[in-house]
Number of protein chains: 2
Amino acid sequence: MTHTTLGDVARTAGVSLATASRVLNGSTTVRADLREKVMAAAEALAYRPNAHAQALARASSQVVGLICHDVSDPYFAAVARGAMRVAADHDLMVMLASTFRDPDREIAYVSTLRAQRARAILLAGSAFQDPAWERALDAELTPYQEAGGRVAVLSRHRARADAVLPDNRGGAASLARALLGLGHRDFAVLAGPPALTTVADRVRGFREALAEAGVRPAPDRVVTGDLTRDGGHAAARELLSRGPLPTCVFAVADVMAIGALTAFREAGLRVPEDVSLAGFDDIPVVADLTPPLTTVTLPLEDLGERLMTLALAPAPRRRHHRVPAEVTLRASTAPPRPA
Amino acid sequence: MTHTTLGDVARTAGVSLATASRVLNGSTTVRADLREKVMAAAEALAYRPNAHAQALARASSQVVGLICHDVSDPYFAAVARGAMRVAADHDLMVMLASTFRDPDREIAYVSTLRAQRARAILLAGSAFQDPAWERALDAELTPYQEAGGRVAVLSRHRARADAVLPDNRGGAASLARALLGLGHRDFAVLAGPPALTTVADRVRGFREALAEAGVRPAPDRVVTGDLTRDGGHAAARELLSRGPLPTCVFAVADVMAIGALTAFREAGLRVPEDVSLAGFDDIPVVADLTPPLTTVTLPLEDLGERLMTLALAPAPRRRHHRVPAEVTLRASTAPPRPA
DNA sequence: CTGAAAGCGCTTACAG
DNA sequence: CTGAAAGCGCTTACAG
């Protein structure tokens with residue numbers, strides 16, 4: 001890679017490196033004729049300053065890192081969109097990484113982003129409830145932060161960092177109450193990997209609210225699957241194989257609910273006539289499903305915007321932005337059919 | 001940002017910069033005891049080499065740029081996923097940019113990626129059919145390529161670069177033939193911005209195949225909208241307002257078809273009983289819609305993988321990977337109701 | 001206002 | 001095998 005350098009520009013403009021640098025950085029203290037020459041030379045040579053050299057000389061970079069579990073998951077796609085919008089407003093580039101829910105890979109990416117001297121590192125994926133992982137993550141984050149790096153996390157993490165905290169537990173509880181309100185007493189839960197804080201919080205909130213009403217789903221009515229469309233599909237099939245269907249099914253994420261919806265249809269079951277179905281997140285497409293999905297609405301793009309904004313505006317102490325999660329009732333849930 | 005430096009490591013290990021560098025780069029020519037000391041020091045200091053300094057010294061960087069129109073569009077999300085997977089295999093980080101279909105922003109991002117000395121720049125978004133834009137893009141791409149940068153584009157571009165070319169025109173033609181085969185003669189098209197090559201190619205292929213059968217949709221049956229869910233929703237409403245519905249509607253992208261499907265349902269129309277509907281792309285969710293959507297299948301993740309692979313494996317001359325597009329018939333299309 | 005020079009944090013011939 | 005030194009492409013006090 002032999003790109004044009006500042007030296008080339010200075011030479012063809014007949015000025016010193018310093019002057020060329022000043023012009024290109026918008027300093028106003030340069031004589032007009034020299035400025036012209038430098039601009040012309042840069043233009044003629046299609047010059048672009050080497051961002052690495054600038055980062056080194058200025059000891060600051062124009063990149064920010066965003067780590068998520070999977071960009072192609074609509075939840076993260078929406079969060080990334082919001083975060084990238086804010087980054088663009090600040091003339092920052094974002095390095096995006098997908099861990100595919102591999103804890104080790106998450107840590108490796110943080111390390112890489114640290115090497116890149118990213119201005120900030122955003123952890124958009126749910127944390128893993130695993131002390132060893134937390135320690136390893138901390139071992140990367142701490143030196144990064146001590147060196148001036150900024151960290152912001154989405155959802156509950158143990159990391160000492162600014163955080164955007166969607167009310168997963170409260171949202172799930174509200175949903176449970178709404179479903180109880182429709183008359184349901186017989187529930188199943190399609191859960192994701194319990195090691196993920198987000199999953200744990202949602203399951204917990206849902207169970208707690210049911211318990212308040214004296215309702216407890218049987219253990220075999222809580223099915224674990226991948227936090228994906230296919231995971232939801234498989235979990236729903238597993239549920240069907242375990243015996244009589246409950247009147248209402250809660251999938252801890254919309255992507256799982258989508259898979260479940262199709263599994264139910266394939267089994268000849270109608271939603272909500274035969275079984276009510278609810279999800280969580282309110283990713284864009286669920287309102288276009290048939291029936292439109294009842295879910296817990298999170299302002300996804302907004303979450304991403306806040307996350308980036310938090311990371312970019314240093315504060316004396318840690319900040320926690322709690323974000324309410326609201327139940328959105330749609331046609332996929334209805335009162336249970338009288339037995 | 002004052003991170004630990006190689007100098008710190010060398011000092012605490014009691015060796016020279018060169019030796020420390022060698023150990024950390026895996027050189028085998030370093031005495032075992034010194035190697036140990038260096039490793040220990042690096043570990044103790046939580047040292048991470050400065051990627052900018054490395055890029056400068058080695059004249060090569062570990063990043064590759066990916067420019068798309070909108071990460072939160074499932075089409076790009078899937079393409080990005082594939083591209084990122086390949087990047088991860090090569091230990092490369094990807095800088096992701098969304099242009100939101102703003103031609104100027106696209107060029108600005110190419111320029112920024114050039115400044116980052118990205119190893120490769122991938123243009124995943126459809127090109128704009130606009131000579132001024134093409135010139136401006138070329139003005140960025142040419143110096144980048146001359147300096148050794150690699151460029152790969154997805155879908156038809158005029159740029160002199162490696163290309164992955166989904167058969168948009170052929171796929172749309174095949175779809176048209178399949179729909180004619182069902183008995184349809186009365187079509188509408190929900191089209192995106194005609195300045196996009198992808199849109200132009202799909203509309204053209206569809207029209208050509210209809211023409212071969214002596215069928216021509218009336219001009220007011222071709223409605224233009226944004227290439228989004230909302231754009232499809234609006235276009236479908238506009239179509240409805242223009243008079244009697246055709247028997248079959250082709251949306252040039254699945255995201256538009258999703259919006260159209262909901263618009264039809266809101267209007268009390270049943271798909272496919274009252275109107276058949278088909279899309280293009282086969283983004284993951286369309287198989288879970290009710291009815292599942294007939295569409296033209298593109299191997300989206302694969303597209304992204306190929307794009308990245310192409311960019312990473314330099315070749316003596318330009319390569320064009322043509323990717324077939326296959327019709328996938330699902331329940332959203334059916335023979336027209338006898339009049 | 002302008003330029004020579006030092007420095008950012010690495011890598012890598014080149015000596016020894 | 002190891003180290004001193006030059007160099008990567010910039011920026012920015014410091015002189016003048």
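Below, chain A is the first sequence line, B the second, and so on; all start at residue 1.
- Taking only side-chain nitrogens and oxygens, B/Thr5 never comes nearer than 4.0 Å to OP1 or OP2 of C/dG9.
- A side-chain donor from one of A/Ser21 and A/Asn25 sits under 3.5 Å from a side-chain acceptor of the other.
- Side-chain contact check for A/Arg11 versus A/Asp8: some heavy-atom pair is nearer than 4.5 Å.
- Atom pair B/Arg48:CZ and C/dC10:P shows a separation of 11 Å (rounding to whole Å applied).
- Listed pair B/Gln54 / C/dT11 meets the phosphate criterion, a side-chain N or O lying under 4.0 Å from OP1 or OP2.
- Atom C1' of nucleotide C/dG3 and atom CZ of A/Arg22 are separated by 7 Å, given to the nearest angstrom.
- Atom P of nucleotide D/dT11 and atom CG of B/Leu56 are separated by 12 Å, given to the nearest angstrom.
- Residue B/Tyr47 has no polar side-chain atom (N or O) positioned under 4.0 Å from OP1 or OP2 of C/dG9.
- Side-chain N/O atoms of A/Ser21 include one lying less than 4.0 angstrom from OP1 or OP2 on D/dT11.
- If you find the closest nucleotide of DNA chain D to B/Thr19 and to B/Ala53, the one lying nearer the 5' end belongs to B/Thr19.
- In the set C/dT11, D/dT11, D/dT2, the nucleotide with an atom closest to the side chain of B/Asn25 is C/dT11.
- Look at CD on B/Gln116: it is 14 Å from C1' on D/dC10, rounded to the nearest Å.
- Residues A/Leu17 and A/Val30 each lie close to DNA chain C; by heavy-atom proximity, the contact nearer the 5' end of the strand is made by A/Val30.
- No donor-acceptor distance shorter than 3.5 angstrom exists from the side chain of B/Tyr47 to the backbone of B/Met39, with no hydrogens or angles considered.
- Candidate nucleotides C/dC1, D/dG9, D/dT12 were compared by shortest atom distance to the side chain of A/Thr29, and C/dC1 ranks first.
- Summarising the geometry, the separation between CZ on A/Arg11 and P on D/dG9 is reported as 11 Å, rounded to the nearest angstrom.
- Taking only side-chain atoms of A/Ala57, from C-beta outward, the nucleotide of C/dT11, C/dC8, C/dG3 with the closest atom is C/dC8.
- Atom pair B/His3:NE2 and C/dG9:C1' shows a separation of 12 Å (rounding to whole Å applied).
- Of the possible donor and acceptor atoms, one in the side chain of A/Asp162 sits under 3.5 Å from a partner among the backbone N and O of A/Arg319.
- Protein atom NE2 of A/His52 is 16 Å distant from nucleotide atom P of D/dC8, rounded to whole Å.
- Base pairing analysis places C/dG3 opposite D/dC14; the two distances defining the Watson-Crick or G-U wobble pair are each below 3.5 Å.
- Atoms CD (B/Gln62) and P (C/dC10) sit 15 Å apart, rounded to a whole Å.
- A side-chain donor-acceptor contact under 3.5 Å links A/Arg119 to the backbone of A/Ser61.
- Between A/Arg31 and the phosphate of C/dC1, there is no side-chain N or O to OP1/OP2 separation shorter than 4.0 Å.
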